[in-house]
A.B. asks: 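Handing you this structure, nothing more for now.
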Amino acid sequence: DLVEELNETCNIGVLDSLEYVYLERIECKWPLRTHLEAGSRVSAYGTSGGKTLLAQLEPELCKRLLRSRKLVASTPRTITKLPDLEAELAAIRSRGFALNNQEYLDGIVGLAVPIKDAEGRAVAALAMHGPVTRLSMKACEALVPRLVQTAERIARVWIME
């Protein structure tokens, strides 16, 4: 429903070390889109879904994880300096959502929110993304309430199972 409404690709993913792993991706119908399949792995610190989940980790655990390997830039906008990334994750933690401003792929922006269990722990992220030719950062921010609503709906279904 969310993909149909937004007309942009959406995904659900989880954190595996410093990688964001796509559990499910539903592609939009536009011919201009990124194509990654479920099971694909991307740098967590360069994607909105990955940054959302990193921000939800206990801060000391997150710091150790980020220091466990070299942070490699996918684009000139990827945050690879540890103090800058820690500040970004603190901001995400505070506002409850993450943005991706062409940090993994040039020309692609995105937004993600956590999917939380009954105890309030982030178990996955719900994310959407699209090309800057049709999706601005401001437009991404405007979609936060809709993604939060969908993430809560997904969490209710998961909890019931």
Side-chain angles (χ1 to χ4, degrees), residues 1-16 18-38 40-57 59 62-63 65-66 71-116 122-155:
D1 292 345
L2 189 62
V3 173
E4 289 294 319
E5 179 184 332
L6 304 181
N7 206 19
E8 295 297 350
T9 297
C10 295
N11 69 75
I12 295 174
V14 295
L15 197 60
D16 182 17
L18 280 179
E19 293 181 317
Y20 181 70
V21 182
Y22 294 106
L23 298 181
E24 181 66 81
R25 285 179 50 88
I26 300 176
E27 300 283 343
C28 64
K29 294 178 182 171
W30 291 102
L32 177 59
R33 62 181 186 229
T34 59
H35 180 74
L36 294 165
E37 297 178 1
S40 296
R41 295 170 172 266
V42 296
S43 65
Y45 54 90
T47 61
S48 58
K51 290 191 302 182
T52 292
L53 295 174
L54 286 170
Q56 298 297 313
L57 293 175
C62 184
K63 186 179 285 194
L65 184 59
L66 293 173
L71 304 179
V72 178
S74 298
T75 75
R77 294 177 185 247
T78 308
I79 303 170
T80 58
K81 292 182 179 160
L82 193 55
D84 295 342
L85 185 54
E86 288 173 336
E88 170 74 359
L89 296 176
I92 292 165
R93 194 174 305 113
S94 174
R95 69 179 178 243
F97 65 90
L99 296 167
N100 170 2
N101 187 6
Q102 304 180 66
E103 295 163 54
Y104 182 68
L105 291 171
D106 286 321
I108 302 295
V109 296
L111 161 71
V113 299
I115 299 172
K116 296 183 177 184
V123 295
L126 172 64
M128 58 83 61
H129 65 269
V132 295
T133 54
R134 63 176 187 259
L135 188 63
S136 69
M137 294 304 294
K138 187 174 183 175
C140 284
E141 285 192 68
L143 296 171
V144 169
R146 185 64 183 100
L147 261 71
V148 167
Q149 179 184 42
T150 302
E152 289 170 350
R153 184 174 164 207
I154 291 167

A.B. asks: Does the side-chain contact (heavy atoms from CB on, under 4.5 Å) test come out yes or no for Val123 and Val14, once each step is laid out?
C.D. replies: CA-CA 7 Å; Val123 295; Val14 295; over 6 Å; no
A.B. asks: Using the side chain to side chain donor-acceptor pair (under 3.5 Å) rule, pick out the option among Thr47, Thr52, Asn11 that qualifies with Tyr20.
C.D. replies: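 With Tyr20 as partner, side chain to side chain donor-acceptor pair (under 3.5 Å) holds for just one option, Asn11.
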A.B. asks: Atom CD1 in Ile108, atom OG in Ser74: separation rounded to 0.5 Å?
C.D. replies: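 It is 13.0 Å, given to the nearest 0.5 Å.
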A.B. asks: What are the two closest non-hydrogen atoms of Thr80 and Ala73, and how far apart are they?
C.D. replies: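 Result for this residue pair: CG2-N, 3.6 Å.
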A.B. asks: What are the two closest non-hydrogen atoms of Ile79 and Leu85, and how far apart are they?
C.D. replies: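 What the structure gives for the nearest pair is CG2-N, 3.4 Å.
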A.B. asks: Which atoms form the tightest heavy-atom contact between Leu99 and Cys140, and what is the distance?
C.D. replies: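 The pair with the smallest heavy-atom distance is CD2-CB, 3.9 Å.
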A.B. asks: What do the steps show when you test Leu54 against Leu15 for side-chain contact (heavy atoms from CB on, under 4.5 Å), and what is the final call?
C.D. replies: CA-CA 8 Å; Leu54 286 170; Leu15 197 60; 3.8 Å; yes
A.B. asks: Show your reasoning for whether side-chain contact (heavy atoms from CB on, under 4.5 Å) applies to Thr150 and Leu147.
C.D. replies: CA-CA 5 Å; Thr150 302; Leu147 261 71; 5.7 Å; no
A.B. asks: For the CZ atom of Arg77 and the CG atom of Asn100, what is their distance to the nearest 0.5 Å?
C.D. replies: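 Separation between the atoms: 10.0 Å.
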A.B. asks: Please tell me if the side chains of Glu19 and Val42 come closer than 4.5 Å, counting only heavy atoms from C-beta onward.
C.D. replies: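 Glu19 vs Val42: side chains apart.
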A.B. asks: Search all heavy atoms of Leu89 against all heavy atoms of Cys62 and return the closest pair with its distance.
C.D. replies: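 Taking Leu89 first and Cys62 second, the nearest heavy atoms are CD1-SG, 3.6 Å.
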A.B. asks: If you measure from CG on Leu126 to CG on Leu23, what distance do you get to the nearest 0.5 Å?
C.D. replies: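 So the gap between those two atoms works out to 11.5 Å.
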A.B. asks: Taking all atoms of both residues into account, what is the closest heavy-atom pair of Ile12 and Ala124, and its distance?
C.D. replies: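 What the structure gives for the nearest pair is CG2-CB, 4.1 Å.
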A.B. asks: Identify the heavy atoms of Tyr45 and Glu103 that sit nearest to each other, and give their distance.
C.D. replies: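 Heavy atoms of Tyr45 and Glu103 come nearest at O-OE1, 4.1 Å.
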A.B. asks: Does a side-chain N-to-carboxylate-O contact under 4.0 Å join Arg153 and Asp1?
C.D. replies: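 Counted as a salt bridge, because a side-chain N and a carboxylate O are separated by less than 4.0 Å.
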A.B. asks: Apply side-chain contact (heavy atoms from CB on, under 4.5 Å) to the pair His129 and Val109, showing each step before the final yes or no.
C.D. replies: CA-CA 6 Å; His129 65 269; Val109 296; over 6 Å; no
A.B. asks: Roughly how far, to the nearest 0.5 Å, is CD of Glu86 from NZ of Lys81?
C.D. replies: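 Answer rounded to 0.5 Å: 14.0 Å.
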A.B. asks: With heavy-atom distances below 4.5 Å as the criterion, would you say the side chains of Met128 and Leu135 are in contact?
C.D. replies: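 Yes; the side chains approach each other to less than 4.5 Å.
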A.B. asks: Using a 3.5 Å distance criterion without hydrogens, assess whether the side chain of Arg93 forms a donor-acceptor pair with backbone atoms of Ala55.
C.D. replies: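 Pair found, side chain donor or acceptor close to backbone of Ala55.
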A.B. asks: Roughly how far, to the nearest 0.5 Å, is the CG atom of Leu143 from the CG atom of Leu111?
C.D. replies: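 That separation rounds to 6.5 Å.
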A.B. asks: With rounding to the nearest 0.5 angstrom, report the OH to NZ distance, Tyr104 to Lys51.
C.D. replies: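 Answer for the OH-NZ pair, Tyr104 versus Lys51, is 14.0 Å.
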